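Step one of this worksheet: look at the structure below.
Everything quoted here is computed from the prediction, not taken from an experiment. Heavy atoms only: backbone and side chains are in, while hydrogens, waters and symmetry mates are out.
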Amino acid sequence: MERSAPSEVTAPDASGPDPQLAVTMGFTGFGKKARTFDLEAMFEQTRRTAVERSRKTLEAREKEEEMNREKQLRQNEDTEPTPSGSNVVRDCSKSSSRETSSSESEDSSDSSDDELIGPPLPPKMVGEPANLGEDILGPLPPPLSEEDDDDDEDDEGEEENPVQKIPDSHEITLKHGTKTVSALGLDPSGARLVTGGYDYDVKFWDFAGMDASFKAFRSLQPCECHQIKSLQYSNTGDMILVVSGSSQAKVIDRDGFEVMECIKGDQYIVDMANTKGHTAMLHTGSWHPKIKGEFMTCSNDATVRLWEVENPKKQKSVFKPRTMQGKKVIPTTCTYSRDGNLIAAACQNGSIQIWDRNLTVHPKFHYKQAHDPGTDTSCVAFSYDGNVLASRGGDDTLKLWDIRQFNKPLFSASGLPTMFPMTDCCFSPDDKLIVTGTSVQRGCGSGKLVFFERRTFQRMYEIDITDASVVRCLWHPKLNQIMVGTANGLAKVYYDPNKSQRGAKLCVVKTQRKAKQAETLTQDYIITPHALPMFREPRQRSTRKQLEKDRLDPLKSHKPEPPVAGPGRGGRVGTHGGTLSSYIVKNIALDKTDDSNPREAILRHAKAAEDNPYWVSPAYSKTQPKTMFAQVESDDEETKNEPEWKKRKI
């Protein structure tokens, strides 16, 4: 490629400097001859410099490669002598080919001036593309043998077994209370667990803040005297949906403070679509998986309602399940699909109804006899791929449904007793297993966690949990840990140190902290904020600082001395000393009780009293006054002195 350029650039002719032009332009120097530039010579010089630099770079690179080859040959000779010879021949042939190619490229670059200016391409990029990865990444690994292939196939077969992925090697037990743990919730990050039960309590557990004592850091009763039926964290993890036995669902934040409470509807209105909220007891609730602040509840008033956190005064929309004859039917459980476009609800007549979230009139899918009529279907759950629905029925069955062909169940498993209206079922994080719990009578065995394979629905594995029913189960996809709620007030966490992440592994390694006595309060403090100032108790503070000051005081921190035995010493008087105080102290402890018979003690003085009777009647003879009263005549003397007429009358 030729470049045409003027060989000489000169300034225009000028007779002389123009002073007016210099004033106008602002600088002088007009009329001087400009410098001349030979562009071809400059390009040639640049090309030669580039070629020289590229040659030096290639020579340095070839030297480094030769040194590396020599080191590699020495190592190969030490380990395998025969193949090293072939490597030497191959490397030599490669080096010779590289030298010839580099020399040819240099000759061609010198001979032809029409080529592009710059360093030539590396020889390996042009001639040997197969050796590029070998030089950059090192020697390629040897091909796998048939035995290695078989081992890899065996490993793949073992990895395909879903039972090996169950994290059940270790467990921890969280003591919620004495009554049934009927609700479990774990935030999306897996940092906090929340449990609720029949004792109306909701307890918060922080895996990162707990130690080996496994104690909850907060306990509260958000719904007063109503049993907790469902707890679920939102998709952002900043809010918790609390569904209890009342007709009003609540939303609390991560610390337990109330965010909103749904309004209660008018129970005297016949059409439930015209009320602003539920009018009967709730069953369960669920957050929308995609939209922040939207959740769903179902109730005994035969409705499923959608809510928004920003608008607690009225629901967003109402779904009314109906039988095939158009009658009301009560939904016992409800859930969203994974994409949030479908809403599934199981009803008391045994049907499962699925609506489009934006169409509230007619269900999109309706299977009328999914489970036995009159039984409470306790759970419906979508798989992670969104194509399969699992239902846990009150008829002791677990069924699997395909949403694309919702005319019959894919699989059905029986013999899974349940006695609670909130018995769970869930999918494993890899969608290959389905988990549910079983119920037992008290003292009649142990509750189990049963695992079914999704593809064949075989009963793959069982875990004996405790001697009570298994009510709730939750398999967190991020932690790969299984949380279980039981009927005896326990919440168990199953994990594997190798397969699980964080969660229970954080608190197991921490030792139990001892309670510091200095941080405790001395006595119970009654808080009376509305009392008058004169009756208000001063606010009691922790005595830790005061105890630390007293410890530094030599008088207050003096250890009491033991009592002195025997005579006094060191300025201290003994208990049996010669002083009056010692005598009094000694006689105070004497036993002066009289255990003799009181009758014998009195009769002891009977003979002396009989011989000298002074203390009975003679004792008063000296002090008695003389008689001053008139003598009274007897009755005979009175009758003699009476007149005759009185005697006759008588």
Side-chain angles (χ1 to χ4, degrees), residues 172-211 213-264 277-278 281-287 293 295 297 307 309 312 420 422 471-472 474 476 483-493 503-504 507 513 515 519-521 524-530 540:
I172 64 172
T173 302
L174 308 177
K175 182 69 175 177
H176 174 85
T178 57
K179 296 186 179 181
T180 302
V181 177
S182 56
L184 284 176
L186 197 61
D187 67 340
S189 63
R192 285 189 178 182
L193 173 70
V194 59
T195 59
Y198 281 2
D199 54 359
Y200 323 134
D201 288 338
V202 173
K203 294 190 176 182
F204 294 79
W205 314 79
D206 190 356
F207 290 119
M210 277 195 305
D211 55 8
S213 61
F214 305 131
K215 292 182 180 179
F217 73 91
R218 183 168 289 120
S219 177
L220 51 95
Q221 293 184 357
C223 301
E224 297 180 353
C225 57
H226 293 285
Q227 295 177 351
I228 307 299
K229 293 195 171 184
S230 175
L231 293 170
Q232 187 180 5
Y233 274 90
S234 63
N235 53 358
T236 55
D238 58 345
M239 292 180 290
I240 304 171
L241 175 61
V242 182
V243 177
S244 64
S246 67
S247 60
Q248 296 172 272
K250 286 188 178 182
V251 176
I252 60 178
D253 60 5
R254 289 176 60 87
D255 296 324
F257 297 101
E258 183 176 326
V259 177
M260 64 88 71
E261 183 179 13
C262 299
I263 193 172
K264 185 176 181 180
H278 288 294
M281 178 185 68
L282 298 176
H283 285 290
T284 186
S286 177
W287 286 100
F295 61 92
T297 55
W307 302 83
V309 177
F420 293 88
M422 64 279 297
V471 182
R472 288 286 189 178
L474 178 65
H476 197 271
M483 286 70 181
V484 181
T486 63
N488 56 356
L490 301 179
K492 292 195 172 186
V493 182
C507 56
R513 292 173 296 194
E519 296 180 357
T520 59
L521 298 178
D524 294 336
Y525 174 57
I526 301 175
I527 301 174
T528 54
H530 302 293
Q540 189 176 8

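Side-chain N or O atoms of W287 include one that pairs as donor or acceptor with a backbone N or O of Q232 at under 3.5 Å. The backbone N or O of G245 sits nowhere less than 3.5 Å from a side-chain atom of Q227 that would complete a donor-acceptor pair.
Between K179 and D201 there is no salt bridge, since none of the side-chain N atoms of the basic residue sits less than 4.0 Å from a carboxylate O of the acidic one. Under the 4.0 Å criterion applied to side-chain N and carboxylate O atoms, D206 and K215 are not assigned as salt-bridge partners.
Side-chain contact between I228 and V242: present, with at least one pair of heavy atoms (C-beta onward) separated by less than 4.5 Å. Using a 4.5 Å heavy-atom cutoff, the side chains of Y233 and P188 are in contact. Using a 4.5 Å heavy-atom cutoff, the side chains of V202 and T195 are not in contact. E258 places a side-chain heavy atom less than 4.5 Å from the side chain of K250.
In terms of heavy atoms, A504 sits closest to V493 at CB-CG1, 3.9 Å. Listed here is the closest heavy atom pair of K229 and R472: O-NH2, 2.7 Å. Nearest heavy atom pair, residue G256 against residue L220, reads CA-CD2, 3.7 Å.
Aromatic ring orientation, F295 versus W307: parallel (interplanar angle below 30°, classes split at 30° and 60°).
Judged by distance alone, the side chains of H226 and S246 never bring a donor and an acceptor atom under 3.5 Å apart.
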Can you list the steps and then say if L186 with L474 is a side chain to side chain contact (heavy atoms under 4.5 Å, CB included)? CA-CA 8 Å; L186 197 61; L474 178 65; 3.7 Å; yes
